[in-house]
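Values in this document were obtained by computation on a predicted structure and should not be read as measured data. Whatever order the structure lists them in is the order used to number ligands and atoms, beginning at 1.
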Amino acid sequence: MEKKEIESLVRKHIESKFSDRDRKEYIVAANWKMNMSAKEIRRFIGEIKEEKIPNYLKTVIFPPYPYLPIFQEMLRYDRIIYGAQDVAKEEQGAYTGEVSAAMLADCGCSYTLVGHSERRGYYAETPGIVAKKAAAALRYHIKPVICIGETLEDRQNNRYRDVLKIQLDAVRQEIGDVLSECVIAYEPVWAIGTGVIPELVQIEETHHFIHELLVSYTGISERASKILYGGSVNEKNVKDIAAVHFVDGFLIGGASLKAGSFINILRLLNVDGR
Ligand code: PEP
């Protein structure tokens with residue numbers, strides 16, 4: 001097939017996905033990890049605030065903790081929302097270095113990441129710990145974005161479904177049906193920061209598997225379930241992945257650090273703006 005034909009097919013897919021009047025919300029989230037300075041953040045927010053973002057593209061930014069007050073100051077009445085990259089599982093007390101859900105709520109966070117693979121990997125966060133963090137966030141009406149994903153070895157040994165199930169089961173055990181209020185980010189560990197993405201059929205199959213798990217746990221409808229894809233998303237591949245069934249948005253690392261590339265991604269997903 002010609003490149004032009006593929007382009008128009010992908011565009012049709014995206015348009016039909018977003019064509020109904022009452023469009024399903026699509027989440028485009030930026031995970032800045034341990035990057036950016038106060039100066040860079042002020043410039044970034046200034047630029048993104050100028051962008052006309054349609055309501056169905058929910059834009060969420062996850063900066064490092066110390067910069068949350070800048071967001072609170074600059075985005076007070078804005079549609080762009082923000083959250084933290086992690087949260088303590090405990091309520092308060094002698095937990096040096098931790099930041100509680102109550103503190104995040106004080107800083108105006110409405111979302112938080114939990115269980116990013118870097119937290120699971122470098123800081124030994126078990127599925128049980130991640131589940132407690134999700135519960136702590138929910139107690140303060142902060143929506144957890146629960147990151148799940150398998151390693152390359154798990155994928156190659158065809159164990160990825162078991163791994164994803166273990167990660168989600170733990171959250172379900174902790175919060176029960178409230179799992180339907182959470183956002184899930186499927187991030188294959190082997191795709192994070194590597195420039196490699198799974199085949200589109202692998203993304204669809206895995207998102208479908210996660211969706212079915214959520215249905216079996218909570219009876220959630222397809223419309224209500226929110227499963228983001230994360231791992232090496234950029235301006236070149238975002239449209240193709242957006243057209244995949246059961247992909248309800250993105251969690252973006254590297255390509256979200258420059259306002260220009262993040263805004264371009266939003267424009268590529270904005271079917272009204274074409
Ligand atoms: C991430 O770390 O959540 C992520 C998706 O990173 P990247 O887009 O850089 O692969």
Side-chain angles (χ1 to χ4, degrees), residues 26-36 40-41 44 48 57-65 67-68 81-87 109 111-125 127 130 133-134 137 142-152 154-155 160 163-164 167-168 171 182-200 202-204 206-207 210 226-242 244 246-269:
Y26 210 72
I27 298 175
V28 186
N31 175 15
W32 285 352
K33 312 191 185 191
M34 202 169 70
N35 293 296
M36 305 288 259
E40 287 166 333
I41 288 175
F44 188 110
I48 202 164
L57 286 185
K58 181 165 255 176
T59 309
V60 192
I61 302 177
F62 296 103
Y65 290 132
Y67 300 128
L68 289 170
I81 51 184
Y82 58 92
Q85 296 173 16
D86 192 22
V87 62
C109 292
Y111 279 65
T112 183
L113 299 179
V114 293
H116 190 281
S117 66
E118 287 150 17
R119 302 288 325 165
R120 292 183 195 258
Y122 302 146
Y123 303 98
E125 288 190 6
V130 174
K133 290 185 169 200
I142 294 172
K143 204 177 261 299
V145 176
I146 302 162
C147 303
I148 59 173
E150 81 283 359
T151 61
L152 186 58
D154 295 327
R155 172 60 66 168
Y160 63 97
V163 171
L164 298 172
Q167 294 174 346
L168 272 183
V171 184
C182 303
V183 176
I184 308 298
Y186 169 57
E187 299 205 299
V189 180
W190 47 282
I192 295 181
T194 58
V196 176
I197 61 163
E199 303 272 322
L200 297 182
Q202 290 179 312
I203 297 179
E204 173 153 356
T206 312
H207 277 234
I210 295 167
K226 296 225 176 326
I227 307 169
L228 316 186
Y229 169 77
S232 295
V233 173
N234 58 38
E235 292 160 78
K236 291 199 184 103
N237 58 28
V238 72
K239 260 170 50 179
D240 294 0
I241 310 174
V244 173
F246 298 110
V247 170
D248 306 309
F250 297 100
L251 180 56
I252 307 170
S256 72
L257 291 173
K258 294 262 180 293
S261 73
F262 191 60
I263 288 170
N264 268 342
I265 287 174
L266 289 167
R267 285 182 186 162
L268 286 162
L269 296 170

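- Thr151 and Asp154 are linked by a side-chain donor-acceptor pair at a separation below 3.5 angstrom, with hydrogens and angles left out of the test.
- In this structure, the side chains of Pro64 and Met34 stay at 4.5 Å or more apart for every pair of heavy atoms.
- Listed by number with element, the atoms of ligand 1 under 4.0 angstrom from any heavy atom of Ala191 are 10 (O).
- Between Thr59 and Leu266, the closest side-chain pair of non-hydrogen atoms falls below 4.5 Å.
- In this structure, Gly193 counts as a contact residue of ligand 1, since one of its heavy atoms falls inside 4.0 Å of the ligand.
- Remark: ligand 1 atoms within the under-4.0 Å shell around heavy atoms of Ser232 are 7 (P), 8 (O), 10 (O).
- Val238 has its side chain within reach of Phe250: a pair of non-hydrogen atoms, C-beta onward, lies under 4.5 Å apart.
- Here Ile192 has heavy atoms under 4.0 Å from ligand 1 in both its backbone and its side chain.
- Residue pairs that meet the salt bridge (Lys or Arg N to Asp or Glu O under 4.0 Å) test with at least one member in residues 250-264, sequence neighbours left out, do not exist here.
- Of the protein's heavy atoms, Lys33 NZ, 2.5 Å lies nearest to atom 2 (O) of ligand 1.
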Dump the intermediate steps for side chain to side chain contact (heavy atoms under 4.5 Å, CB included) on Lys58 and Tyr111, then the final yes or no.
-> CA-CA 12 Å; Lys58 181 165 255 176; Tyr111 279 65; 3.4 Å; yes
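- At least one N/O-N/O distance between Gly254 and ligand 1 falls below 3.5 Å.
- What sits closest to atom 1 (C) of ligand 1 on the protein, heavy atoms only, is His116 NE2, 3.2 Å.
- Residue Thr194 has no nitrogen or oxygen atom sitting less than 3.5 Å from a nitrogen or oxygen atom of ligand 1, judged on distance alone.
- Note: no N/O pair closer than 3.5 Å links Ile252 and ligand 1 by distance alone.
- Contact annotation for Ala255 and ligand 1: no heavy atom of the residue comes within less than 4.0 Å of the ligand.
- With ligand atoms numbered from 1 in the order given, ligand 1 contributes 5 (C), 10 (O) to contacts under 4.0 Å with heavy atoms of Gly231.
- For ligand 1, the atoms closer than 4.0 angstrom to any heavy atom of Leu251 are 3 (O), 5 (C).
- Salt-bridge check for Glu125 with Arg120: failed, with every basic side-chain N at 4.0 Å or more from each acidic carboxylate O.
- The protein heavy atom nearest to atom 5 (C) of ligand 1 is Glu187 OE2, 3.0 Å.
- Heavy-atom proximity to Asn31, at under 4.0 Å, picks out these atoms of ligand 1: 1 (C), 2 (O), 3 (O).
- Looking at heavy atoms from C-beta onward, Tyr65 lies in side-chain contact with Asp86 at the 4.5 angstrom threshold.
- Residues satisfying the ring-ring contact (aromatic ring centres under 6.0 Å, His included) test with Phe44, not counting sequence neighbours, are Trp32.
- Taking distance alone, with nitrogen or oxygen atoms compared against 3.5 Å, Gly253 approaches ligand 1 more closely than that limit.
- Not a single heavy atom of Ser117 sits closer than 4.0 Å to an atom of ligand 1.
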Test Tyr160 against Gln202 for side chain to side chain donor-acceptor pair (under 3.5 Å), laying out the working first. CA-CA 11 Å; Tyr160 63 97; Gln202 290 179 312; over 6 Å; no
